[in-house]
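Here is the structure we will look at, set down as structure tokens.
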Amino acid sequence: MDLSTTYLGLTLPHPLMPGASPLVDDLDMVRRLEDAGASAIVMHSLFEEQIIAEQREALFLERNAESHSEATSYLPDPGIFALGPDEYLEQVQRIRRTVAVPVIASLNGTTPQSWIEYARLIEQAGAHALEINVYHVPTDPLEDGEEVDRRTLDTAAAVKGAVSIPVAVKLSPFYSSFAALARRLDAAGADGLVIFNRFYQPDIDIEALDVLPTVRLSDSGDLLLRLRWLAILSGRVKASLAVTGGVHTGADAIKSVMAGAHAVQMVSALLRRGPEHLSRVRDEMSQWMEEHGYESLKQMQGSMSLVRSGNPAALERANYMRVLQSWRQSRVN
Ligand SMILES: Cc1cc2nc3c(=O)[nH]c(=O)nc-3n(C[C@H](O)[C@H](O)[C@H](O)COP(=O)(O)O)c2cc1C
């Protein structure tokens, strides 16, 4: 079965790869991922806070005086990150030497300035592509949707202008008009859109009156939101599309490709079941496709795209009413 795909201009034997996660901190794990057939390795993010913490430390040593501004007092203790900025760059080089598949690094920040220097360093360290992880919760009621979009667009444009490797933008669904933002990122030259980051959702401990920083791993139900937006964008943007969030089985991967994904990233499934799960998902995909008469992945790619319907908005509305109706019918039966 020909599962080959093109993602960020990279020709890959199949679309399955680990998404950004701490799995890649350990070179043995990276080898296991390659042995399981990962078509690329996506690294976890280097966070702006790490870069600022290092710069702050350098400044402190230079001036030999401690300075605490209110803005930086929220910075996490640099010790919580497994790899500092220099170690991250070294890890890019180590992974490059360890595996033959493409290495996609990741940067997370909130201001364009801090991204540019590290985007360049990551490129110099040998990454084949860069994912920018735009994880930002707009909490300022005075900041409107256009300003939030503008920040994302400026970041993407700044990074794109700073490097020559392909740049993918990893997004959340929480924009006032996601399709419009995707179109603008596409026009600004983003090579890929990674759909969607899963936001950390804090819970409240009502006894301790504290915030619980829980990481909930996904299940296949998380995929549905991604399928919808892949299907809306597929065929309407030049950028490659990657899915992240809720891919656990061969069927999940098949749905993602049908909705338009060129790359399929998995994290929760691999954290839960080990890197070898990636090869099981690939086998399930191939087997299903063979049983259903497909000869290649490209035949299937985007087959469920809403662009084929001519009027995605009308189809979405019709489906909405159909779903409500089906629930009433199921109660009658
Ligand atoms: C423990 C953990 C660490 C993660 N670290 C990062 C990260 O550094 N950068 C990033 O863009 N996404 C990060 N993610 C998000 C994942 O890459 C992925 O988008 C998300 O988990 C949804 O995919 P899944 O359903 O396959 O887990 C992390 C997720 C988990 C569970």
Side-chain angles (χ1 to χ4, degrees), residues 8 15-26 29-30 33 36 38 40-51 76 78 80-85 87-88 91-92 95 103-110 115 118-119 122 127 129-137 152 155-156 159 167-174 190 192-202 213-227 229-230 241-253 255-256 261 263-275 277-278 280-282:
L8 306 178
L16 300 168
M17 61 185 71
S21 87
L23 279 171
V24 298
D25 287 347
D26 172 8
M29 189 56 85
V30 174
L33 286 162
I41 300 290
V42 184
M43 295 181 67
H44 69 76
S45 307
L46 173 61
F47 292 88
E48 182 174 321
E49 285 77 357
Q50 291 172 270
I51 298 168
I80 71 163
F81 298 108
L83 304 173
E87 290 160 315
Y88 188 91
Q91 188 72 352
V92 175
I95 296 177
V103 177
I104 303 173
S106 168
L107 263 180
N108 171 277
T110 55
W115 303 67
Y118 272 86
I122 282 172
L130 179 61
E131 208 175 85
I132 54 176
N133 165 20
V134 200
Y135 187 110
H136 171 71
V137 181
T152 303
T155 304
V159 173
V167 175
V169 187
K170 183 167 179 176
L171 295 157
S172 85
F174 305 116
L193 303 175
V194 185
I195 293 174
F196 287 121
N197 209 339
R198 281 179 68 232
F199 269 107
Y200 142 69
Q201 298 184 45
T214 44
V215 174
R216 186 186 70 81
L217 296 181
S218 71
D219 55 46
S220 296
D222 289 285
L223 182 61
L224 302 183
L225 178 72
R226 278 91 183 158
L227 292 180
W229 284 101
L230 284 167
L241 298 173
V243 67
T244 176
V247 177
H248 290 256
T249 64
D252 293 339
K255 290 177 198 177
S256 304
V264 175
Q265 301 185 352
M266 288 188 284
V267 170
S268 294
L270 304 183
L271 288 175
R272 212 177 262 141
R273 308 177 73 171
H277 186 61
L278 194 140
R280 284 195 287 274
V281 172
R282 194 187 49 189

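Below, all heavy atoms of this structure are taken into account, side chains as well, without hydrogens, waters or symmetry copies. Both counts, for ligands and for their atoms, begin at 1 and track the order of listing.
With a 4.0 Å cut-off on non-hydrogen atoms, His44 touches ligand 1 through its backbone as well as its side chain. When heavy-atom distances to ligand 1 are checked against a 4.0 Å cut-off, Val267 comes that close through both its backbone and its side chain.
Heavy-atom contacts of Ser218 reach the following atoms of ligand 1: 24 (P), 25 (O), 27 (O) (cutoff under 4.0 Å). Near Met266, with a cut-off below 4.0 Å to any heavy atom, the atoms of ligand 1 are 26 (O). The Pro22 neighbourhood of ligand 1 comprises atoms 1 (C), 2 (C), 3 (C), with distances under 4.0 Å to a heavy atom of that residue. Less than 4.0 angstrom separates some heavy atom of Ser45 from each of these atoms of ligand 1: 7 (C), 8 (O), 9 (N), 10 (C), 11 (O). Close approach to Gly246 involves these atoms of ligand 1, each under 4.0 Å from a residue heavy atom: 24 (P), 25 (O).
Considering backbone and side-chain atoms together, Gly245 places an N or O closer than 3.5 Å to an N or O of ligand 1. Looking at Ser268 next to ligand 1, an N or O pair under 3.5 Å apart turns up.
Using a 4.0 Å cutoff on heavy atoms, Ala269 does not count as a contact of ligand 1.
Counting heavy atoms from C-beta on, the side chains of Leu271 and Leu217 come closer than 4.5 Å.
With Thr244 as the fixed residue, the side chain to side chain contact (heavy atoms under 4.5 Å, CB included) test singles out one of Leu223, Val194, Leu171: Val194.
Using a 4.0 Å cut-off between a side-chain N of Lys or Arg and a carboxylate O of Asp or Glu, Arg226 and Asp252 do not qualify as a salt bridge.
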